[in-house]
Each structure stands twice: as C-alpha cells, then as structure tokens.
Amino acid sequence: MAGSWTKERVLALAPDAASAKAGQDLGSPRKWVRLGHDGGRAIWGECQGSGSQPYQTRIDLDEPAFKCSCPSRKFPCKHGLGLFLLFALNLPLLTEKEPPGWVSEWLATRAQKAEKKAEKAEAAAQKQADPEEQAKRAAKRLGRVAKGVEDCRLWLNDLVRQGLVDLPSRPYDFWEGMAARMVDAQAPGLASMIGSMGGLANSGEGWTGRLLERMARLHLLLEGFSRLDALSAPLQEDVRSHIGFTQSKEDSLAAGNTAAGPWRVLGVGIDLNERLTEHRAWLRQLGADRRDALVLSFSYAAAPSAPDVTSIAGATVDGPLFYHPSAMPLRAFPAAPLAELATGGQIPSGFGALREAHASWAAALAQNPFLLRAPWLVNDTRLAIVDERLILCDAERRWVPAVVAGEGRLWDALAFTGGHPATVFGEWSGSQLNVLTIWDGQGEVFRA
Amino acid sequence: MNQTWAELTKSALLGTERMPPSPAAPGLLGTMLEALADRGAEERLLGSAALVWQHERAGAQAAALDSDYAIPEAPAERLEPASPRACAILAEALLAKEQSVVLYWLRCAEAARRRVPYQSLPALLNLSRGSIDLRRQLLPVLGERGGWLAERNSEWKALKGGELQDASAWETGSNEARLKFLQELRARDPAQAREQLQKVWKQEKAKQRSEFLAVLELGLSAEDEPFLEACLDDRSEEVRSRALHLLNAIPTSAFMHRMNERAKGLMSLGESGSVRKLQFVPAVPVDAALLRDGLPPPAKNVPAEDPAYRRSTVSYILSRVAPSTFAAQLGVTLSEFIALARDASAERFAWMVEASFRTKSMDFIRAWFLSLNSKDFDVEFIQRAPSLDPATRESILRDYLRGDWGRVHSMSNYLDLVPELPSDLQATFYPAVLERSARKWSQAKLPEWREDYLLTRLASSMPASLYPESLEILAGVEMADVFRDLIPKLMYPLQQRFEIQREFAP
C-alpha cells in the first residue's frame with residue numbers, strides 16, 4: 001500500500017505550503033520515538049515535541065484520516081504529514097506491528113461513526129427523493145434568500161449613505177453579524193463576501209478602494225438576483241452559485257454538457273481558510289477543442305480528501321468531465337475517477353502574448369461578469385523583480401504583476417527560471433497573476 | 001484606477017449624504033453611468049462603482065516595460081548539476097536544518113566539481129547567512145544561477161563576495177558584527193585588518209580593544225609587532241595583557257629580545273655529587289621596563305623586597321622565555337636541558353612548560369606530552385590542542401598512541417578533535433568508540449542519555465565511508481530491541497553522508 005503513496009501525493013494533502021515544509025522536516029526518523037504500521041490501514045507514531053509527553057499521531061489509510069494529540073489547528077498537522085512521508089518513503093523504519101490501545105480505540109470509533117453516517121445518509125436520500133418535498137424546500141429556500149438579499153441591499157445602502165470612514169474602527173462582530181444573517185438566509189456566498197470585508201477595511205493604505213470594489217461586486221450580485229428572470233438560464237446559474245446555491249452533480253450530469261479527455265493538468269491551487277481547504281485543479285483538454293475545466297474539491301478539517309490524479313500539475317489524465325451550467329462553463333467534475341496516463345509531457349501551448357490573454361479575459365467577462373479568476377497559460381514569458389515586486393513579462397515586453405503562492409515561493413520560482421524564457425500557468429484575478437506552474441525550456445516543471 | 005473611481009471612492013468614504021455621487025466618464029462608460037442618474041444616491045454610487053470596476057477589469061492591458069530595461073538573465077552554467085538522488089538528500093537535510101550534512105554535501109560537490117540544484121538555492125542562501133563555514137563552502141558550488149539569484153536579494157547580495165559583513169558593518173554595525181567583519185578580513189588580508197583596527201583604535205572602549213586585538217592572533221607575524229608594542233602602554237590592563245600574549249609568540253620581537261636579555265644569568269649549571277642540576281638566581285631586578293613588560297606589581301601592602309615577590313620575578317621570566325634560549329645560554333642541547341628541567345622543582349618545570357606554549361617551542365612541548373600519564377595527557381592535550389599547529393598535534397598524538405587508542409584515558413574526550421585528524425587515525429578511532437558503546441548497550445536495559453548523545457555525535461562526525469562498518473559493529477552485538485530501534489534514527493546523519501559520498505563518487 002505504501003507503493004501507491006509518493007512524496008508528492010502525500011504533500012498534496014498539506015493545507016498550505018508552510019505545513020508541507022514542516023511535514024517534510026518531520027519526515028526524518030530522528031524526530032520520532034515510536035513508529036508502527038499494522039500491514040493494513042493503520043499507521044502510528046509518537047513524536048517528541050517541546051512538552052514532556054510525545055505527540056501521538058495516527059493515520060487510517062482508508063481515506064486517509066488523521067488524528068494527532070498536538071494542539072495544531074491545521075489539518076493534517078505537520079506530524080500527520082511527517083508520519084505519512086515516513087510511511088511512503090521509509091517503510092522499514094515503522095518497526096512496530098501491533099497497534100497500541102490509543103490507535104485501535106480510534107479505529108473502532110471511526111468504524112462506528114462510519115456505520116451511523118451511512119444509515120443517516122440513506123434516510124436523508126430517501127427523504128430527498130420525494131419530488132413534492134424537493135419543490136417545497138426549493139421554494140422555501142428561495143424565499144429566505146430573497147429576504148436575505150433585500151436585507152443585504154439595505155445594509156449596503158446604509159453603509160454608503162453614512163460613509164465608510166468609520167469602518168476600520170468597527171469590531172469584527174459588525175461584519176460577522178451581517179454574515180451570520182446571510183447564513184441564516186441560506187446565502188453562504190453572500191456571507192463569505194461580507195465576512196471578508198472586515199479584513200479589507202483594516203488592510204492599510206488603499207483600503208477604501210479595495211472595500212468599494214468588494215461592495216461593487218456584492219451590489220452586482222444582488223442586482224443580478226433581483227432580476228434573475230431577466231437573465232439567461234446559464235447566467236442565472238452563475239448568480240445562484242455565487243449567492244451560495246449548490247450546483248447539484250445530478251442536475252449537471254443530466255444537462256449533458258460534457259467533454260472527453262485526455263486532459264492536461266495545468267496547475268493546482270490550494271487555499272486554506274479556517275475550516276475549509278479548497279483544492280483547485282485546472283485542466284485543459286488535449287485535441288482540437290482545448291476546453292478548460294476547473295475541478296474543485298473541498299475538504300473539512302476533520303476529513304481531508306485523498307489526493308487524486310488531478311493533484312499533480314503537468315500530468316495527463318483521461319476521462320470525461322461534466323460541466324456545471326454557467327454562462328461560461330469552467331467548473332466541472334468527473335463522474336468517475338480520472339485515469340492517469342502520464343506524469344509529465346511536452347510543454348503545453350498557450351497564449352503567445354499577454355494581450356491575447358487580456359482579450360480572452362475581456363471576452364470571458366462579457367459572457368460571465370461574475371467571473372473571479374481565469375486560467376492563463378502564456379508561452380515565452382520571463383519572471384523578473386522590478387521595483388521590489390515580481391512581474392511576468394511576455395515576448396512583446398509587456399508585463400503584469402505576479403505572485404507565486406502568495407509571495408511564499410517567489411525566490412524558488414526565480415531560482416527555477418533564472419530569468420530565462422518559460423511557459424507559465426496561473427490564475428488571473430483581474431489585477432495580478434497567481435502563478436501555479438512553470439515549465440522551463442527543457443520541460444522541467446515547477447509547481448508553486 | 002482612474003479619476004472616476006477616485007471620485008466614487010471619495011464619495012463612499014464621506015457618505016452619499018455628505019457627498020452625493022456624480023460620476024462621469026468619456027465614451028460608452030460615461031453613457032452607462034448617466035443611465036444611473038435617476039437612481040437614489042446609494043444605488044447610483046454602488047451601481048457606478050460596479051460599472052467602473054468591471055470596465056477596468058475587462059479593459060486593463062499589460063503595461064510596457066521601459067525601453068532601456070533589459071530583463072536580467074542568469075548566465076550559462078559552468079558546472080554540471082549533482083545527481084537527482086544527491087539533490088534529494090540535500091533537500092531533506094535543508095528541511096531538517098542538518099547543517100553538518102549540508103556542509104558535507106557542499107564539500108563533496110566541490111570535490112566532484114558539481115553545483116547545487118536550483119530548487120535548493122533559496123534555502124541554502126538563507127541558511128548560509130548564519131554560518132561562515134557554510135558561506136565559504138557554498139561559493140565554489142553556487143553556480144552561475146546561484147550567484148545571479150544572490151545579487152537580486154539584498155539579504156544575499158554580500159554572500160556572493162564571500163562576505164556576509166560588508167564594510168558598512170565595520171562602520172555602523174553592532175560590536176558583534178564588527179568583530180565578525182574583522183575576523184573575516186584578518187583571514188583574507190592580515191595587514192589590512194590590522195590597519196583598519198589602528199584607524200579606530202583610540203575611539204574604541206577597552207572591552208572592544210581587547211576583543212579586536214585577540215583577532216590578530218590569526219596570521220600573527222612580525223609585521224604586527226610595532227602596533228602590539230605600542231599597546232603595552234595602553235591604559236587597560238586587559239589590552240596590555242593581550243598584547244603581551246601576542247608579542248610572546250613573535251620570537252624576533254623587541255619584547256622577546258628584552259626578555260631573553262633578562263634571562264641571561266637567570267640559570268646556571270651546578271653539580272650535586274656527580275649529577276648536574278639547574279641553579280636559579282633568587283630574583284631579578286625590578287624596574288619600570290620589566291613592569292611595562294608585564295611583571296605584575298606587588299600586591300597592596302607587600303613591599304617589593306618581599307621574598308615571595310622577588311621569587312615571582314624569576315618565575316615570570318621562566319614562563320616567557322623559550323626553553324631553547326636557556327639551553328643555548330647554558331651550552332647544552334635541548335634534550336639535555338629538558339632532562340635538567342624535569343629535575344628542577346615541579347613548579348619551575350610548569351613555568352617552563354607555559355613558556356614553551358607561549359613561544360611555540362615544539363620540541364619541549366612534545367617531550368612534555370609524552371611524559372604524561374593517560375589521564376593527564378587527555379586533559380592537557382585536549383585543552384592545548386587548539387594552540388598547536390596541526391602537524392605537531394598529529395605527530396604528538398601518534399607518538400603517544402603508538403597505534404592504540406586504548407592508551408588514552410577516555411576516548412569520548414577526543415570527539416571534537418578527531419574530525420581534524422588524518423583519515424587513518426579516524427579510521428581506528430571511530431570503530432573503537434563504537435565497539436565500546438555497543439558493549440555498554442548490550443549490558444543495559446534502557447538507553448542512557450549519554451550513549452544516545454555519544455552515538456548522535458559519532459554519526460555527525462564519523463567519516464561517511466565508515467557507515468557500513470559501523471552497522472556491522474552494531475549488528476554484531478546482542479542488545480535489547482529498544483536499542484536496536486534507536487540505531488537507525490541516531491545513525492541517520494551518517495547514512496545520509498554515506499549516500500552523499502556514494503553519489504559524488506567518480
């Protein structure tokens with residue numbers, strides 16, 4: 001079982017780059033006073049920290065699932081990652097065979113919970129299947145959301161009427177309270193936007209402009225919802241999605257907007273907020289159509305999802321993807337796990353210049369004004385530092401601001417390219433490119 | 001963004017009650033903004049902001065680089081990269097901050113004429129900021145791209161020149177930074193370091209003068225003498241003492257000439273029966289010159305004629321003048337003088353031993369070491385080894401050991417020293433220590449921290465080529481599982497170095 005786990009697959013589980021680094025640090029046997037594997041699904045270890053008692057770390061390979069006695073809120077923590085790396089790369093070091101009590105008890109509890117969860121899911125599914133019930137729920141939700149949207153509109157209007165000048169001094173409760181009301185209104189998308197506005201109000205110089213941008217975006221969404229019937233069906237889906245309505249996989253499967261593989265994984269972005277890890281895999285269809293797809297997955301702290309073949313940028317995978325409805329379909333999902341065809345390949349071909357990328361972005365916004373990010377693959381570019389900031393420059397000597405894993409890996413990227421021409425893939429946000437993958441002239445790959 | 005946005009932002013900041021929005025713009029955007037004019041002020045502001053924001057998002061174009069700006073590009077490499085496995089080991093050692101393993105990797109890379117991998121450059125450049133050894137060892141294998149990268153980061157820039165501290169550190173840095181700068185400069189250019197020190201000498205406080213003066217011990221030569229001689233008049237006793245210590249090691253110095261003159265007639269040869277013995281004058285005249293040359297003045301309320309003080313004048317000179325000087329004055333060979341000196345009182349002989357170290361009289365030093373029992377040899381040799389040149393140190397040790405490390409009192413005392421010894425001495429030392437440790441473990445129930453610590457230190461310092469032999473030694477000893485489980489973990493750094501050595505082998 002260790003053979004299917006590689007270093008890259010293990011590190012793909014890390015909630016952020018710092019955790020990946022810390023996990024690799026603990027991938028050395030010197031830090032562990034006890035290591036074991038029962039030959040099946042259980043791995044365990046005790047790692048000496050700063051306290052008197054070592055931290056007890058255990059892994060259930062079935063998911064995988066992690067549990068550690070350390071106080072870290074990250075999931076998996078660095079101990080879990082380190083232990084997993086030892087399992088993947090140094091299996092002979094896990095010498096204990098019989099799991100201790102604290103491991104077998106945990107496994108038993110997990111089995112009980114899984115059984116209960118399955119029973120609950122079956123009951124819920126039976127309830128969900130009733131069409132009359134479904135329609136009632138949908139109508140009820142729509143009513144709640146409409147009320148929430150109206151409340152939000154009034155709140156937003158109040159803010160601009162009174163002026164934003166006092167907002168930096170408002171406590172976070174001010175924002176969290178309104179966000180909570182949107183959660184109650186079953187509009188989590190609005191809640192998330194409002195929840196982050198407190199941070200913008202306290203983001204230092206230029207905060208007014210940044211906050212006004214967010215408010216403008218929120219206003220656009222509220223307006224869109226208010227005139228939903230006047231919008232095209234696909235654009236209605238975009239508005240709903242941003243408000244927080246979940247796009248059901250069953251409905252999207254039935255709609256039949258599908259594209260066949262093979263696909264190239266262009267880049268992978270991971271964002272961690274307090275409880276949720278968002279994993280974004282950008283794929284591009286190989287062949288004439290060259291459709292782009294964004295495969296999103298989320299995991300909660302308690303249950304990180306196992307990495308799959310879309311976790312490695314540069315890989316070629318195969319299988320059909322089904323698009324969620326949108327004015328500009330990007331979000332997609334596989335109905336069955338994709339097959340990995342190759343871990344590498346030729347340097348992919350993209351835009352020849354940034355003006356082409358900008359034109360593509362403008363066309364995308366015209367279709368879907370709510371678009372927040374777009375995939376940009378640009379050939380023949382160079383990274384450079386000008387006036388202490390990173391830029392990406394194309395063959396026409398035009399440039400855009402860039403970041404690499406939020407500045408965390410700027411120097412790694414620069415070391416990789418050496419200022420030489422490279423193919424870069426990233427997410428364009430409208431103001432800067434978040435670099436995710438770089439191919440150098442020899443086809444070597446840098447993953448942010 | 002543009003002027004329209006600036007106006008909207010101002011209106012939002014103040015509030016629409018105080019500053020109602022009236023955004024305007026040319027072209028189609030302006031037309032769309034006008035269409036919102038009949039809305040309420042809040043709706044107008046938010047709607048206008050949404051329009052302008054989207055307009056900017058959709059219409060922004062990449063800016064043009066200045067025509068005279070050339071995008072910097074790293075030059076072509078002259079060295080080949082290390083193997084993928086070697087690079088993986090380096091990455092692991094960097095993450096674990098195993099500095100000794102990183103240093104070893106860099107040395108092996110230099111010997112094999114390979115360079116560091118690009119992916120490790122930022123971590124290496126950051127790590128080397130805190131270590132002179134790492135900086136020096138990194139430079140030969142940094143590669144063209146590494147140097148190019150270092151130039152682009154203000155925290156790494158100085159590394160490329162092999163210096164962390166640039167000249168500004170000497171001018172404006174902390175005392176610690178200034179000391180580091182002076183040490184690095186003295187290693188490169190002893191004369192320039194001395195000149196830098198002389199320029200600022202009068203402004204420095206006594207503590208700094210003393211610390212900076214100690215730096216001159218590295219690369220000490222007769223050229224330093226004039227400055228050091230002047231330091232004998234310094235108002236700080238610590239500075240004077242430091243200067244005396246350094247002058248004592250310059251045989252041609254005026255100070256040593258004065259001491260040798262005072263040594264004349266201090267000793268004579270007498271006979272007791274048929275045995276020749278050294279005889280000493282009871283005292284040496286005390287004058288201002290001798291006090292300037294470091295003779296401690298009498299204690300308070302002790303007159304200069306006090307017999308004990310007068311005897312101390314003799315021991316002062318004995319502890320400063322090379323034994324060979326006395327031998328020459330007495331007309332005997334050095335080995336004859338050593339035999340005579342041993343027969344003198346233990347106290348007087350101890351003064352002569354001190355003198356031999358101060359004046360670096362190696363023959364006397366050697367004879368003295370070889371006369372010691374094992375416990376005393378351990379203590380004295382380890383303590384004094386740093387003051388001996390490597391060739392003398394090795395020679396004395398070989399003569400003492402006679403091929404058997406078992407002759408020393410405690411082998412663990414030598415852990416710090418052995419890595420600096422030739423490979424044949426290391427090749428006999430480490431297996432011997434390992435066997436002793438393994439035998440102790442075979443008799444114990446639980447690991448003791450001392451043995452853990454010893455094994456960890458051995459794993460960090462043992463030559464990598466001894467790794468397979470080490471495993472054999474440990475495998476050949478019966479021990480409890482708890483020890484058996486510890487071994488791979490404690491020996492891991494050695495395993496890494498063994499693999500590094502293997503990867504860089506021609």
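To find a chain, count down the sequence lines: A is the first, B the second, and so on, and within it residues start at 1.
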## Note on the structure
Checked A/P421, A/G418, A/G27 vs chain B; the most non-hydrogen pairs under 4.5 Å come from A/G418

### Task
Go through the atoms of A/L371 and report whether side chain, backbone, both or neither lie under 4.5 Å from a heavy atom of chain B.
backbone

### Message
Heavy-atom cut-off 4.5 Å, strictly under: side chain, backbone, both or neither for A/L212 against chain B?
### Response
both

### Query
In terms of heavy-atom pairs under 4.5 Å with chain A, which of B/S11, B/A58, B/A41 leads?
B/A58

### Message
Report which part of A/W207 has an atom under 4.5 Å of a heavy atom belonging to chain B: side chain, backbone, both, or neither.
### Response
side chain

### Task
Let me know if B/Q119 has heavy atoms under 4.5 Å from chain A in its side chain, its backbone, both or neither.
backbone

### Under 4.5 Å from any heavy atom of chain B - which part of A/Q24
both

### Query
When rounded to the nearest 0.5 angstrom, what distance separates CD in A/E213 from OG1 in B/T9?
8.5 Å

### Message
Between A/E223 and chain B, with a heavy-atom cut-off of 4.5 Å, which part of the residue counts as in contact: side chain, backbone, both or neither?
### Response
side chain

### Region of B/L14 that comes under 4.5 Å of a non-hydrogen atom in chain A
backbone

### B/D66, part contacting chain A, at a heavy-atom distance under 4.5 Å
backbone

### Task
Between chain B and each of A/D158, A/V160, A/I385, count heavy-atom pairs under 4.5 Å; write down the option with the most.
A/V160

### Query
Given B/L125 and B/E155, is the side-chain contact (heavy atoms from CB on, under 4.5 Å) satisfied, shown in steps?
CA-CA 9 Å; B/L125 287 165; B/E155 293 181 353; over 6 Å; no

#### Entry: Min side-chain heavy-atom separation B/L90-B/L124 under 4.5 Å
yes

### Message
Would you say the rings of A/H358 and A/W376 are close, in the sense that their centroids are separated by under 6.0 Å?
### Response
yes

### Task
Dump the intermediate steps for side chain to side chain donor-acceptor pair (under 3.5 Å) on B/Y492 and B/E92, then the final yes or no.
CA-CA 12 Å; B/Y492 196 60; B/E92 197 183 319; 2.3 Å; yes

### Task
Side chain from CB out, backbone as N, CA, C, O: work out which of these in B/S120 comes under 4.5 Å of a heavy atom of chain A, or both, or neither.
neither

### Task
Below 4.5 Å from any heavy atom of chain A, which atoms of B/A96 appear? Answer side chain, backbone, both or neither.
both

### Query
Is the shortest heavy-atom distance from the side chain of B/W156 to the side chain of A/W411 under 4.5 Å?
yes

### Query
What part of A/W399 is in contact with chain B, defined as an atom under 4.5 angstrom from a non-hydrogen atom: side chain, backbone, both or neither?
both

#### Entry: Under 4.5 Å from any heavy atom of chain A - which part of B/R145
side chain

### Query
Hey, what do you get for CG (A/L392) to CZ (A/R398), rounding to the nearest 0.5 Å?
14.0 Å

### Task
Indicate yes or no: at least one non-hydrogen side-chain atom of A/D394 is less than 4.5 angstrom from one of A/D380.
no

### Query
Looking at B/A63, B/P122, B/A74, which makes the most heavy-atom pairs under 4.5 Å with chain A?
B/A63

### Message
Working note: B/Y118 + B/E77, criterion side chain to side chain donor-acceptor pair (under 3.5 Å); need CA distance, chi angles, decisive distance, verdict.
### Response
CA-CA 11 Å; B/Y118 297 151; B/E77 296 290 353; 3.1 Å; yes

#### Entry: Options A/L220, A/L93, A/L26, ranked by heavy-atom pairs under 4.5 Å with chain B, top entry
A/L220

### Options B/M491, B/E43, B/R18, B/K10, ranked by heavy-atom pairs under 4.5 Å with chain A, top entry
B/E43

### Task
Sort A/T95 into side chain, backbone, both or neither according to what part of it lies under 4.5 angstrom from a heavy atom of chain B.
side chain

### Message
Checking A/S226 against A/R153 for the side chain to side chain donor-acceptor pair (under 3.5 Å) test, could you report, in this order, the C-alpha distance in whole Å, the side-chain angles of both residues, the deciding distance, and whether it holds?
### Response
CA-CA 10 Å; A/S226 306; A/R153 181 201 294 278; 2.5 Å; yes

### Task
Below 4.5 Å from any heavy atom of chain B, which atoms of A/S431 appear? Answer side chain, backbone, both or neither.
neither

### Task
Report the option among A/V400, A/L167, A/L156 that has the most heavy-atom pairs separated by less than 4.5 Å from atoms of chain B.
A/L156

### Check: B/V116 and B/W105 side chains under 4.5 Å, non-hydrogen atoms
yes

### Pick from A/H219, A/R161, A/E96, A/M215 with the largest number of heavy-atom pairs that fall under 4.5 Å of chain B
A/R161

### Query
Any idea which of B/L51, B/L45, B/L94, B/N153 has the most non-hydrogen atom pairs under 4.5 angstrom with chain A?
B/N153

### Reported CD1-to-OH distance for the pair B/I89 and B/Y104, which is rounded to 0.5 angstrom
10.5 Å

### Summary
Highest number of heavy-atom pairs under 4.5 Å with chain A among B/A123, B/P493, B/P117 belongs to B/P493

### Query
Contact part of A/L354 toward chain B, heavy-atom cut-off under 4.5 Å: side chain, backbone, both or neither?
side chain

### Task
To the nearest 0.5 Å, tell me how far A/Q162 CD sits from A/N157 CG.
11.0 Å

### Message
If you count every heavy atom of other residues, nucleotides or ligands that lies below 6.0 Å from B/M19 atom CE, does the total exceed 12?
### Response
yes

### Message
Tell me whether A/H242 at atom NE2 has more than 12 heavy atoms from other residues, nucleotides or ligands lying less than 6.0 Å away.
### Response
yes

### Message
Run the ring-ring contact (aromatic ring centres under 6.0 Å, His included) test on A/W32 and A/W44 for me, step by step, so that the C-alpha distance in whole Å, both residues' side-chain angles and the decisive distance to 0.1 Å come before the verdict.
### Response
CA-CA 10 Å; A/W32 295 84; A/W44 63 92; over 10 Å; no

### Message
Using heavy-atom distances under 4.5 Å, tell me whether B/E144 contacts chain A through its side chain, its backbone, both, or neither.
### Response
neither

### chain A contact via B/L8 - which portion, at a heavy-atom distance below 4.5 Å
both

### Region of A/R382 that comes under 4.5 Å of a non-hydrogen atom in chain B
side chain

### Summary
OG (A/S28) and NZ (B/K97) are apart, to the nearest 0.5 Å, by 13.0 Å

### Query
Considering only heavy atoms, which portion of A/L218 lies under 4.5 Å from any heavy atom of chain B: side chain, backbone, both, or neither?
neither

